[in-house]
Amino acid sequence: MFRRRRPLLRAAVVGGGAYVAGKKVAQNSAARSAQESDQDDRINDLEQQQGAPPPAAAPPAAQPGTPISEQLKQLTTLHEDGSLNDEEFAAAKKQLLGI
């Protein structure tokens, strides 16, 4: 009878140890997830405190001897490269055409 109890006791101890270890891993994972969430919130708060990014650089001033078509090509190139957004491109184009 004692021989049969020891394997059962050993299985219970191993199973209990595995349960505790699994529970500890789950707690660590939850704590790490909460810490990452808190860190993301702090980063978002700091970004909001800093305000909007500074405006992009103004387009280059028109060169006196350059034809308007060449200046429009330069503006288009800057717009396609992403240096100018749509609003900046429209404003620069209006200024160049004198509208």
Next on the checklist: When you measure from the side chain of T77 to the backbone of K73, do you find a donor-acceptor pair of N or O atoms at a distance under 3.5 Å?
Outcome noted: yes
The reported gap from CG in D81 to OG1 in T76 (rounded to nearest 0.5 angstrom) is 10.5 Å
- Task: Using the rule that two of Ile, Leu, Val, Met, Phe, Trp, Tyr join whenever any of their side-chain heavy atoms come within less than 4.5 Å, decide whether V13 and V20 are in one cluster.
- Result: no
So CG of N44 and CD of Q39: to nearest 0.5 Å the spacing works out to 11.0 Å
Review point. Any donor and acceptor pair, going by atom type alone, linking the side chain of E88 with main-chain N or O of N85 inside 3.5 Å?
Key: yes
**Q.** Enclosure of Q27 CD (heavy-atom neighbours >12, cutoff 6.0 Å)
**A.** yes
Correct closest heavy-atom pair for L96 and I68 would be CD2-O, 4.1 Å
Query raised in the report: Can you check whether R42 reaches D38 side chain to side chain, under 4.5 Å on heavy atoms?
Result: yes
The reported gap from CG in L84 to NZ in K93 (rounded to nearest 0.5 angstrom) is 12.0 Å
Rounded to the nearest 0.5 Å, the CD atom of E36 sits from the CG atom of D41 at a distance of 12.0 Å
